[in-house]
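The structure under discussion appears below in the form of structure tokens.
Below, read A as the first sequence line, B as the second, and so on, with proteins coming before strands; counting in each chain starts at 1. Values reported hereafter were calculated over all heavy atoms of this structure, with side chains retained and with hydrogens, waters and symmetry mates removed.
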Protein chains: 2
Amino acid sequence: MRISELSSRSGVSVTTIKYYLREGLLPPGRQTAATQAEYDDQHLRRLRLIRALTGVRGLSVSTTREVLDALAEYTGDTHRLLGLALGSIRVGEVPSGDASQAAEVQALVEELHWDVHASAPARTTLAETLASLRALGVPLDWRTLLPYARLAERTAALDLDQLEGLDDPLEAAERALLLTVLLEPALMALRRMAQENESARRHTS
Amino acid sequence: MRISELSSRSGVSVTTIKYYLREGLLPPGRQTAATQAEYDDQHLRRLRLIRALTGVRGLSVSTTREVLDALAEYTGDTHRLLGLALGSIRVGEVPSGDASQAAEVQALVEELHWDVHASAPARTTLAETLASLRALGVPLDWRTLLPYARLAERTAALDLDQLEGLDDPLEAAERALLLTVLLEPALMALRRMAQENESARRHTS
DNA sequence: AATATTGGATACCTCTACTATCTATGTTAG
DNA sequence: CTAACATAGATAGTAGAGGTATCCAATATT
């Protein structure tokens, strides 16, 4: 298919597709002539993935490129993909110097006997959030976080269950990406609804 | 205190503070003369809150204003604050027309007997995420989401526990805000770490 | 009195994510 | 076979977000 068909089938304008090609989010099509290239279903799929990551999850174009690069690099090694590629996504702010709460995070990880890389970006995100909360007068220690971490453990188990039985490594890697990244807004939405429900329950009993 | 002290104590530049004043994120100080105003600890606290919401959580300035307005409006009514004010935060994308997965969400809510307002934005977020996943070949039905929702229920119970025993309504409202919004990156970070751990466990056993 | 600071207003800046235009080439309908 | 239209690639332009810089008149400090 040519670019205009790719555009109409994906709902993304031709100029935007060209922009993604320039930015390296989308691999170039197969050149058939000097001013002609051919695209296939892989491109369409990739394009939809890009729109999901930027639109639903709100990732920036450069972060999306990093994620997609990682996807290509670690396809077939879901463990590395989960540990490294997806870790490259900044959940919160840019990693600044202060890791004043790193000790709390370490205590939590040790208590749970978690096997988590020492340089995992999620550690930094967690430490920074704790530091912010502390500065605002809500000091959470690792003991308070423990029950949350236990629930995260069970959530992660559900996530990994979803990846069982997928033999095609590319498919498995892509699904890992989708479930980890795209499911985040869904899980937060579930939490919001559950909070509303729980609050109603406690206030009307 | 005057604006320069507010600036040095918060680490936010004077010009940025003026910008926040213009944008209505920060209430104006008490005017003592035509070119002089006095700020207090409330302003300092508010400023730190703004930086936490925009920096750690990545909220836009306009969303932050909405959240802070809601905080002022519903102080003393934590239930409404949780249900409405915090619901105003867009977790994902701008609410577009397609709510093709709204039926799945409704089925889930009914199964759980959740008391969630029909117009809760979290419903839309969830429906949209499901629609995106479906378009990408990962159709999740409400049955798959059910165990996730059960865990969300327990997370919400922990959240509400944290609000117990706070008598000052302003403090309770602010803590509700902090725990719901600022804890999100922390919970996602915990999930990432738990995924890495679980993946390592399954691959090395 | 001299110097610095402040509030308020306005203009400007940088970055991101596109969007528009241009040109040289290809394709296709009549 | 030619006129109308599509295409790749390059370059320039745009709108919005989130500040930043400058100016001014009034006020505070020394």
Side-chain angles (χ1 to χ4, degrees), chain A residues 1-40 43-44 46-68 89-90 92-94, chain B residues 1-40 43-44 47-68 89-90 92-94 96:
Chain A
M1 89 187 77
R2 281 158 299 180
I3 202 169
S4 59
E5 190 180 346
L6 189 61
S7 168
S8 60
R9 286 228 265 159
S10 64
V12 178
S13 75
V14 171
T15 43
T16 301
I17 293 174
K18 287 184 177 183
Y19 167 65
Y20 290 156
L21 286 166
R22 279 200 306 280
E23 294 296 314
L25 293 194
L26 201 59
R30 186 176 53 83
Q31 287 262 125
T32 59
T35 65
Q36 225 72 20
E38 186 71 13
Y39 304 90
D40 56 24
H43 288 92
L44 184 58
R46 180 78 164 235
L47 201 43
R48 283 206 252 256
L49 184 55
I50 292 168
R51 296 305 280 205
L53 292 176
T54 58
V56 178
R57 186 44 233 275
L59 294 188
S60 71
V61 166
S62 65
T63 305
T64 303
R65 181 180 40 234
E66 283 173 38
V67 170
L68 292 174
I89 301 165
R90 283 202 204 330
E93 108 157 319
V94 231
Chain B
M1 91 187 75
R2 280 156 303 176
I3 201 169
S4 60
E5 191 179 344
L6 189 61
S7 168
S8 59
R9 287 228 265 159
S10 64
V12 178
S13 76
V14 171
T15 41
T16 302
I17 293 174
K18 286 183 177 183
Y19 168 64
Y20 290 157
L21 286 166
R22 279 202 304 281
E23 294 296 314
L25 293 193
L26 202 58
R30 185 176 52 84
Q31 287 262 124
T32 59
T35 67
Q36 224 71 22
E38 186 71 13
Y39 304 90
D40 57 23
H43 289 92
L44 183 58
L47 201 42
R48 284 207 252 257
L49 186 56
I50 292 168
R51 295 305 279 207
L53 293 176
T54 57
V56 178
R57 185 43 233 276
L59 295 188
S60 71
V61 167
S62 65
T63 305
T64 303
R65 181 180 41 233
E66 283 173 38
V67 170
L68 293 174
I89 300 166
R90 284 205 200 325
E93 108 157 321
V94 233
S96 57

Interatomic distance, B:L59 CG vs D:dA17 P [rounded to whole Å]: 15 Å
Taking only the side-chain nitrogens and oxygens of A:T35, find out if one of them lies under 4.0 Å from OP1 or OP2 of D:dG9. no
Can you tell which of D:dA8, D:dT27, C:dG7 lies closest to the side chain of B:A34? D:dT27
May I ask you to verify if any side-chain N or O of B:Y39 is less than 4.0 angstrom from the OP1 or OP2 atom of C:dT6? no
Side chain of B:Q31 only, please: which of C:dT6, C:dG8, C:dA17 is the nearest? C:dG8
Exactly one of A:L49, A:V61, A:L47, A:I17 clears side chain to side chain contact (heavy atoms under 4.5 Å, CB included) with A:L25, and that residue is A:V61
In whole Å, I'd like the distance from the CE atom of A:M1 to the C1' atom of D:dT7. 16 Å
Any side-chain heavy-atom pair of A:R51 and A:T16 under 4.5 Å: yes
Looking at A:R2, does any N or O in its side chain come under 4.0 Å of the phosphate oxygens OP1/OP2 on D:dC5? no
A:R65 CZ to C:dT16 P: how many Å, rounded? 10 Å
Does B:K18 reach the side chain of B:I3, with side-chain heavy atoms less than 4.5 Å apart? yes
Any side-chain heavy-atom pair of A:Y39 and A:L44 under 4.5 Å: no
Write down the distance between CD1 (B:I3) and C1' (C:dG7), rounded to a whole number of angstrom. 7 Å
Could you tell me whether A:T32 contacts a base, only the sugar-phosphate backbone, or nothing, with contacts defined as non-hydrogen atoms closer than 4.0 Å? nothing
Closer than 3.5 angstrom, by distance alone: can the side chain of A:E38 be matched with the main-chain N or O of A:M1 as a donor-acceptor pair? yes
Under 4.0 Å, counting only non-hydrogen atoms across every strand here, what does B:T54 touch: a base, just sugar-phosphate, or nothing? nothing
Within this structure, what is the CG-to-C1' distance between B:L47 and D:dG19, rounded to whole angstrom? 14 Å
Can you find a heavy atom in the side chain of B:T63 that is under 4.5 Å from one in the side chain of B:L53? no
Which residues in residues 13-29 of chain B have a heavy atom closer than 4.0 Å to any atom of DNA chain C? B:K18, B:R22
Check every atom of C:dT6, C:dG26, D:dG19 against the side chain of B:R51 and return the nucleotide holding the closest atom. D:dG19
Between CZ of B:R30 and C1' of D:dT27 the distance, given in whole Å, is 15 Å
For B:L6 and C:dT6, what is the distance between atoms CG and P respectively, to the nearest whole Å? 11 Å
Applying side chain to side chain contact (heavy atoms under 4.5 Å, CB included) to B:S62 and not counting sequence neighbours gives B:S60, B:R65
